[in-house]
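Let me begin by presenting the structure, written as structure tokens, before commenting on it.
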Amino acid sequence: MENSVNEVTNRFSAYIPENIEEIITGYAMSFVMAILVFLIGKWIAKRITNLLVKVLRKVKGMDETLVKFLENIVYYILMIVVILAALSELGIETTSFMAILGAAGLAIGLALQGSLGNFASGVMIILFKPFKVGDVVNAAGVTGSVQEVTIFNTVMITPDNQKIIVPNSAITGGSITNINANDTRRVDLVVGIGYDDDIKKAKELLNSLVEADKRVLLDKGVTVAVSELADSSVNFVVRAWVNTPDYWGVKFDLTENIKLTFDKEGISIPYPQQDVHHYNHD
């Protein structure tokens, strides 16, 4: 029995290399080195990217949107280099790996055509600059302030502080309205009065209310005119130019002041109504 056990042990030992400890130690060291290369490389990639961002932001006239975009591109490229270096430490042939990566990239590219379209659209946004970080835009059915333009998406913050991530291709595929691209905007109001009210008096009151607001740019002209004889009202258009940051404040205040002034001066502001006539047939 003892001889049988020894024979089995000897046969099993024959399949185990004599330097098994050295092999295990070698693989362990390669694994540890690969981890160290990855961690140190990732730290260096982050430092290089941060340094690039600092340099770009010091360049006069550099667009923040372009800075953010280049930050993402450079970081991902550096991380690919770091991953290849870590794989090399594990003894993987990077040349073969690059060939495999290229083939895999082609397959992934075909599967992710939408993502590649978003990437191309991101490049177009950077090159043609329909908007920049901080602009308030209406694009892809979303209105908000542009917070960041990434490789694939544009991050927007809505007026009620919701964060919306919009695919770049959805933005470039439709119309883009850059709301605060210019320094000034025009406030447009439509004000209706009753047919029995004094049109000249209403017009004078509207002009005086607009001109009394110091935020209105009077040198750009003010328009107060009858625009429509509607079903139940005579409608005025009120147009005044203001600095873009003052737009909503002027619009809200002017609307309120018109209502208060018209009430005080006895000028009615009609609302939709219907007269129902009932006939008795005896």
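Between the side chains of Asp197 and Ser268, a donor-acceptor pair is found at a separation under 3.5 Å. For Ser169 and Asn118, the side-chain atoms include at least one donor-acceptor pair closer than 3.5 Å. Side-chain contact check for Asn243 and Thr184: no donor-acceptor pair (N or O, by modelled atom type) lies under 3.5 Å.
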Do Asn138 and Thr143 pass the side-chain hydrogen bond (donor to acceptor under 3.5 Å, both in side chains) test, and can you show the C-alpha distance, the side-chain angles, and the key distance before you say yes or no? CA-CA 4 Å; Asn138 186 317; Thr143 299; 2.9 Å; yes
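In the hydrophobic cluster analysis, where Ile, Leu, Val, Met, Phe, Trp and Tyr join through side-chain heavy atoms closer than 4.5 angstrom, Tyr76 is grouped together with Leu78. Clustering ILVMFWY residues whenever any of their side-chain heavy atoms sit less than 4.5 angstrom apart, transitively, puts Val190 in a cluster other than the one holding Val226. Linking ILVMFWY residues whenever their side-chain heavy atoms come closer than 4.5 Å, directly or via other members, leaves Ile83 and Val81 in distinct clusters. No chain of hydrophobic side-chain contacts below 4.5 Å, direct or via other Ile, Leu, Val, Met, Phe, Trp or Tyr residues, connects Val222 to Val237. Clustering ILVMFWY residues whenever any of their side-chain heavy atoms sit less than 4.5 angstrom apart, transitively, puts Ile164 in the very cluster that holds Val149.
Evaluation of the salt bridge (Lys or Arg N to Asp or Glu O under 4.0 Å) rule for Arg215 yields Asp213, Asp253 as partners, not counting sequence neighbours. Every residue two or more places apart in sequence or in another chain was checked for a side-chain contact (heavy atoms from CB on, under 4.5 Å) with Glu204, and none qualifies. For Lys203, there are no salt bridge (Lys or Arg N to Asp or Glu O under 4.0 Å) partners at least two apart in sequence or on another chain. Looking at residues two or more places apart in sequence or on another chain, you find no salt bridge (Lys or Arg N to Asp or Glu O under 4.0 Å) involving Asp246. Take Asp188 and apply the salt bridge (Lys or Arg N to Asp or Glu O under 4.0 Å) test, not counting sequence neighbours, and it matches Arg186.
The number of heavy atoms from other shown groups lying within 6.0 Å of OH (Tyr195) is above 12.
Without hydrogens or angle criteria, Asn168 side chain to Phe152 main chain gives a donor-acceptor distance under 3.5 Å. In terms of modelled atom types and a separation under 3.5 Å, the side chain of Lys201 and the main chain of Glu265 share a donor-acceptor contact. In terms of modelled atom types and a separation under 3.5 Å, the side chain of Thr158 and the main chain of Gly144 share no donor-acceptor contact. For Asn178 (side chain) and Pro130 (main-chain N/O), a donor-acceptor pair under 3.5 Å exists by modelled atom type. A donor-acceptor contact shorter than 3.5 Å is absent between the side chain of Ser145 and the backbone of Val136.
Closest approach of Met79 to Ala45, counting heavy atoms only: SD-CB, 4.2 Å. Nearest heavy atom pair, residue Ser233 against residue Pro270, reads CB-CG, 3.8 Å. Taking each heavy atom of Val216 and Ala240 in turn, the nearest pair found is CG1-CB, 3.9 Å. Contact detail for Val137 and Met156: the closest heavy-atom pair is CG2-CE, 3.5 Å.
Among Thr223, Ile258, Ile199, Leu189, the one residue that satisfies the side chain to side chain contact (heavy atoms under 4.5 Å, CB included) test with Phe236 is Ile199. Screening Leu260, Thr261, Val224, Val238 for a side chain to side chain contact (heavy atoms under 4.5 Å, CB included) involving Leu209 leaves a single residue, Thr261. Test Asn72, Asn153, Ile157, Ile165 against Glu148 for side chain to side chain contact (heavy atoms under 4.5 Å, CB included) and you get one pass: Asn72.
For the salt bridge (Lys or Arg N to Asp or Glu O under 4.0 Å) condition, no pair includes a residue of residues 218-240, sequence neighbours left out.
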